[in-house]
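Let me begin by presenting the structure, written as structure tokens, before commenting on it.
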Amino acid sequence: MLDTLVIASSNKGKIAEISALLTPYPITLNTQDELGIIGAEEPYATFFENALAKARHTAKESGKPALADDSGLVVPALANAPGVYSARYAGANATDPQNNAKLLTAMTAVTQRQAFYYAAMVLVMHAHDPAPIFAEGYWHGEIAEHPRGENGFGYDPLFYDPRIAKTGAEMQREEKQRVSHRGQSLRRLLRLMQLRRLL
């Protein structure tokens, strides 16, 4: 049974969403920042490879099982940008508003506004775990013409879900968790963990 886990992230929004879904389980959670771990490099072209690299790095540095998420926004009309560069779309130390502003500028003359959020989540029991547990999630929507809402993080003010008629930033956390890419991927990961008798 899994009783301790390190979340391989410094993103407060991600940590809050992951922690909320893990609350029902008797697992002691730490973050990499709490343990003084500097985040891993993310040099790969796919979300999965970056997530695996982050999970292995954090497991190595902590000596504990680690859970990593690599996720982002994909806009097909922009050649799938921002993609794996979502967090640094407007530069290495870009803020969410700066990334959103760059996205709106890029969408100025674009008529096909479909987009999706994607999340890859990886759990490793140790740094050299030969059988990582992997799950993914998709959240389909479109890019709004201007930011809406005060909740969420990242591109949530611009990511509009037409089924719910709200942007991610207009949703409460529980509502977002039901439909989001991260909520989907973590629920799938939890089911796989149960099959592995880790829960």
Side-chain angles (χ1 to χ4, degrees), residues 6-19 30-62 66-110 113-124 127 132 134 136-139 141-160 167-169 176 180-182 185-186:
V6 182
I7 301 174
S9 178
S10 299
N11 184 307
K12 292 181 180 178
K14 285 186 181 183
I15 291 167
E17 291 185 355
I18 292 170
S19 298
N30 292 115
T31 67
Q32 62 183 21
D33 289 355
E34 290 172 340
L35 300 180
I37 298 170
I38 297 173
E41 295 293 324
E42 302 176 42
Y44 300 107
T46 70
F47 294 104
F48 169 70
E49 289 173 296
N50 285 327
L52 181 60
K54 290 190 283 188
R56 289 199 189 283
H57 169 77
T58 299
K60 178 181 178 182
E61 294 297 312
S62 68
L67 173 67
D69 156 294
D70 197 54
S71 53
L73 181 70
V74 178
V75 183
L78 299 180
N80 296 325
V84 295
Y85 303 103
S86 291
R88 53 194 187 276
Y89 187 42
N93 298 305
T95 63
D96 288 347
Q98 289 170 335
N99 286 329
N100 278 271
K102 180 173 181 178
L103 178 61
L104 279 180
T105 299
M107 296 294 293
T108 300
V110 176
R113 304 184 74 85
Q114 290 83 4
F116 63 89
Y117 266 130
Y118 175 83
M121 199 161 288
V122 176
L123 171 72
V124 296
F134 165 67
E136 60 184 354
Y138 294 83
W139 185 14
E142 56 194 54
I143 304 303
E145 294 184 356
H146 54 82
R148 289 168 40 183
E150 302 296 329
N151 301 322
F153 62 98
Y155 297 91
D156 286 352
L158 291 177
F159 186 80
Y160 178 76
T167 67
K176 181 185 172 187
S180 77
H181 53 311
R182 188 167 297 106
S185 61
L186 185 50

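Looking at Asn100, Thr167, Asn151 one by one, the single match for side-chain contact (heavy atoms from CB on, under 4.5 Å) with Pro157 turns out to be Asn100. For the salt bridge (charged side-chain N to carboxylate O under 4.0 Å, His left out) test with Lys54, the passing option among Glu49, Glu42, Glu41 is Glu42; the others fail. Between Ser71 and the options Glu136, Met121, His181, a side-chain contact (heavy atoms from CB on, under 4.5 Å) holds for only His181. Partner Tyr117 forms a ring pair (Phe, Tyr, Trp, His ring centres under 6.0 Å) with one of Tyr155, Tyr160, Phe153, Trp139 and no other, that one being Trp139.
Nearest approach of Asn99 to Ala87, heavy atoms of both residues: ND2-O, 3.1 Å. The minimum heavy-atom distance between Ser9 and Ile15, with the atom names listed, is O-CD1, 3.4 Å. Scanning both residues, Ala45 and Val84, for their nearest heavy atoms gives O-CG1, 3.6 Å. Here the closest non-hydrogen pair linking Ala68 and Ala51 is CB-O, 3.2 Å. Here the closest non-hydrogen pair linking Leu73 and Ala115 is CD1-CB, 4.1 Å. Here the closest non-hydrogen pair linking Gly72 and Phe47 is N-CE2, 3.4 Å.
Between the side chain of Thr58 and the main chain of Ala55, no donor-acceptor pair closer than 3.5 Å is present. Checking side-chain atoms of Thr108 against main-chain N and O of Thr105 turns up a donor-acceptor pair under 3.5 Å. Panel note: side chain Arg113, backbone Glu142; no donor-acceptor pair is recorded below 3.5 Å. Judged by distance alone, with hydrogens and angles left aside, the side-chain atoms of Asp70 form no donor-acceptor pair with the main-chain N or O of Ala120 at under 3.5 Å.
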*Worked verdict on Val6 versus Glu61 for side-chain contact (heavy atoms from CB on, under 4.5 Å)*: CA-CA 10 Å; Val6 182; Glu61 294 297 312; over 6 Å; no
*Dump the intermediate steps for side-chain contact (heavy atoms from CB on, under 4.5 Å) on Val124 and Leu52, then the final yes or no.*
CA-CA 8 Å; Val124 296; Leu52 181 60; 4.2 Å; yes
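In this structure, the side chains of Val122 and Arg56 stay at 4.5 Å or more apart for every pair of heavy atoms. Val74 has its side chain out of reach of Pro82: every pair of non-hydrogen atoms, C-beta onward, lies at least 4.5 Å apart.
With rounding to the nearest 0.5 angstrom, the CZ atom of Arg182 is 6.0 Å from the CD1 atom of Ile18. Of the inter-residue distances, the one linking Arg88 atom CZ with Asn93 atom CG reads 11.0 Å to the nearest 0.5 angstrom. To the nearest 0.5 Å, atom OG of residue Ser62 and atom NE2 of residue His57 are 9.5 Å apart. Here Tyr89 contributes atom OH and Leu78 contributes atom CG; the two are 5.0 Å apart, rounded to the nearest 0.5 Å. Taking CG from Asp69 and OG from Ser185, the interatomic distance works out to 6.0 Å, rounded to the nearest 0.5 Å. The OG1 atom of Thr31 sits 11.5 Å away from the CG atom of Asn11 when rounded to the nearest 0.5 Å.
Remark: Lys60 NZ is loosely packed, at most 12 non-hydrogen atoms of other residues, nucleotides or ligands lying under 6.0 Å away. For Glu145, the CD atom sits in a loose shell: 12 or fewer heavy atoms of surrounding residues, nucleotides or ligands are nearer than 6.0 Å. Within a 6.0 Å sphere centred on CG of Leu35, other residues, nucleotides and ligands contribute more than 12 heavy atoms.
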